[in-house]
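Values below: all heavy atoms of this structure, side chains included; hydrogens, waters and symmetry mates excluded. Proteins get letters first, then strands, A, B, ... in listed order; numbering begins at 1 in each.
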Protein chains: 2
Amino acid sequence: MAVDKKAHIMNHAIALFADRGFEGTSIRELAHEANVNVAMVNYYFGSKEKLVEAIIDEKAAYMKDRLEELEANERLTEIEKIDRLIEDYVTRILAGASFHKFLYKELMDTKREDIQEFLTNSFARNAKSVASIIEKGIQKKIFKAVDPALTVASIIGSISHVMMSKRYCNKLLQKPETNEPYTDDEFRIRLINHIQNMMHSHLLAVSDKS
Amino acid sequence: MAVDKKAHIMNHAIALFADRGFEGTSIRELAHEANVNVAMVNYYFGSKEKLVEAIIDEKAAYMKDRLEELEANERLTEIEKIDRLIEDYVTRILAGASFHKFLYKELMDTKREDIQEFLTNSFARNAKSVASIIEKGIQKKIFKAVDPALTVASIIGSISHVMMSKRYCNKLLQKPETNEPYTDDEFRIRLINHIQNMMHSHLLAVSDKS
DNA sequence: TTGAGTTAATCAAACGTTTGTTTGATATTT
DNA sequence: AAATATCAAACAAACGTTTGATTAACTCAA
């Protein structure tokens with residue numbers, strides 16, 4: 001019973017924090033949106049700060065698991081790994097669009113230092129995994145001698161940039177305001193194809209048209 | 001006299017907003033940082049909201065000018081335009097790191113709708129200019145048939161991603177915490193080279209090693 | 001099965017802070 | 001002497017949080 005309600009509050013909190021920011025969201029607003037009493041947030045989480053920590057904690061572990069598994073997989077070539085990773089990232093980030101936006105905002109905020117430190121480590125660790133795959137590809141002379149760290153930044157940055165705001169994304173794609181890019185499978189595939197193609201050109205010595 | 005002090009307050013506001021967010025920054029904090037009385041912000045700008053509008057208004061015009069000039073320039077090939085644009089973007093965004101972070105945050109925030117609408121239009125118009133250059137390159141068969149809109153997202157996203165936070169950027173590059181990437185010319189050149197190389201591979205039919 | 005006793009959950013109301021803003025007096029400049 | 005700039009102090013509103021009463025859910029001997 002308690003777990004369900006906690007999750008219920010957390011889900012509404014994620015959506016609100018992503019939209020309006022941490023400081024921009026009041027407990028009263030959250031309580032109203034989630035249809036619970038204002039006291040419930042402090043009852044279940046202790047404080048607004050701990051609520052945000054609970055949200056991050058819950059999702060943090062899940063992130064790196066798939067990545068480390070992929071890095072260790074010996075049956076895939078480096079470019080196959082990169083391709084899978086791009087598909088994975090795009091799909092997961094689109095599925096949790098508001099959560100990703102929320103993380104991004106927290107990462108840019110220096111006010112709550114412990115949270116930023118924690119998130120930075122989490123993000124950087126993931127980036128390191130991807131960079132390792134690229135480095136291995138370079139060692140094997142399958143990849144060109146690109147900048148691994150900045151290549152990672154380009155992959156994640158490409159995705160994150162279109163996730164900034166639905167309104168901006170639609171304007172960029174010249175779609176009507178009513179378009180819902182983050183739940184549209186056509187856009188998902190378009191984004192995956194673009195980044196994969198770009199990375200093929202960027203990484204592979206000989207352009208590989210597939 | 002009044003203009004100087006207004007600019008003085010605005011500069012400190014930009015730095016604080018970028019760090020701590022709009023709602024995360026109090027007038028008292030800003031006043032203390034800028035060494036002015038708390039009443040001065042409202043005296044000069046009317047309100048905190050109008051202060052943020054003044055900041056955006058001031059810088060908005062400057063952005064698109066260089067871009068439209070570049071687009072119209074007939075003495076440059078499309079790839080030369082892209083190269084210049086990348087150098088321009090990186091240099092300008094690094095120079096105004098905290099301002100760019102501030103804009104990014106505002107763009108993601110749906111609370112102050114008019115500001116978001118205004119910023120979205122400003123960003124999207126710039127993106128459209130760049131996309132036009134890419135489209136012309138495709139028409140001329142100088143460029144491959146890439147996705148113009150998403151290619152723009154990759155260029156700007158690559159830069160923006162490393163601008164998220166100094167701490168994250170240093171971890172990504174495996175530099176010590178004390179490193180100052182946003183004022184380090186070596187990093188500026190490294191970032192320009194990476195994006196230019198990536199775009200050369202991505203856009204040009206035949207890889208052009210320079 | 002019952003029902004008294006214990007714990008957990010919910011709520012409206014109030015608490016102390018902090019917020020952006022305004023005021024009215026004082027200083028400075030023109 | 002008129003206009004502009006600065007200031008400490010006070011203002012109302014909103015904030016996160018706590019309280020104490022009330023209700024629901026669960027426990028387990030009789």
| task | Could you tell me whether A:Glu113 and B:Arg167 have a side-chain N and a carboxylate O separated by less than 4.0 Å? | result | yes
| DNA chain D-proximal residues of residues 26-43 of chain B, any heavy atom under 4.0 Å | B:Arg28, B:Asn37, B:Ala39, B:Met40, B:Tyr43
| remark: Sorted by number, residues from residues 45-55 of chain A placing a heavy atom under 4.0 Å from DNA chain D are A:Ser47, A:Lys48
| In terms of side-chain geometry, is the basic nitrogen of A:Lys128 or A:Glu71 positioned less than 4.0 Å from the acidic oxygen of its partner? | no
| said: For D:dT6 and B:Lys5 - does any side-chain N or O of the residue sit under 4.0 Å from the phosphate oxygens OP1/OP2? | reply: yes
| Is the centre of the B:His161 ring less than 6.0 Å from the centre of the B:Tyr168 ring? | yes
| task | Please confirm whether A:His32 and A:His12 have ring centers closer than 6.0 angstrom. | result | no
| query | How are the rings of A:His194 and B:His202 set to each other: parallel, tilted or perpendicular (split at 30° and 60°)? | reply | perpendicular
| query | Over how many whole Å does the gap from A:Lys6 atom NZ to C:dA8 atom P extend? | reply | 14 Å
| remark: When rounded to whole Å, the CD to C1' distance for the pair A:Glu23 and C:dT19 reads 12 Å
| Would you call B:Leu70 and B:Leu76 a side-chain contact if the rule is heavy atoms closer than 4.5 Å? | yes
| Within 45° of the ring axis of B:Tyr44 and under 6.0 Å from its six-membered ring centre, is that where the NZ or CZ of B:Lys5 lies? | no
| Just wondering, do B:Met163 and B:Cys169 contact through their side chains at under 4.5 Å, heavy atoms? | no
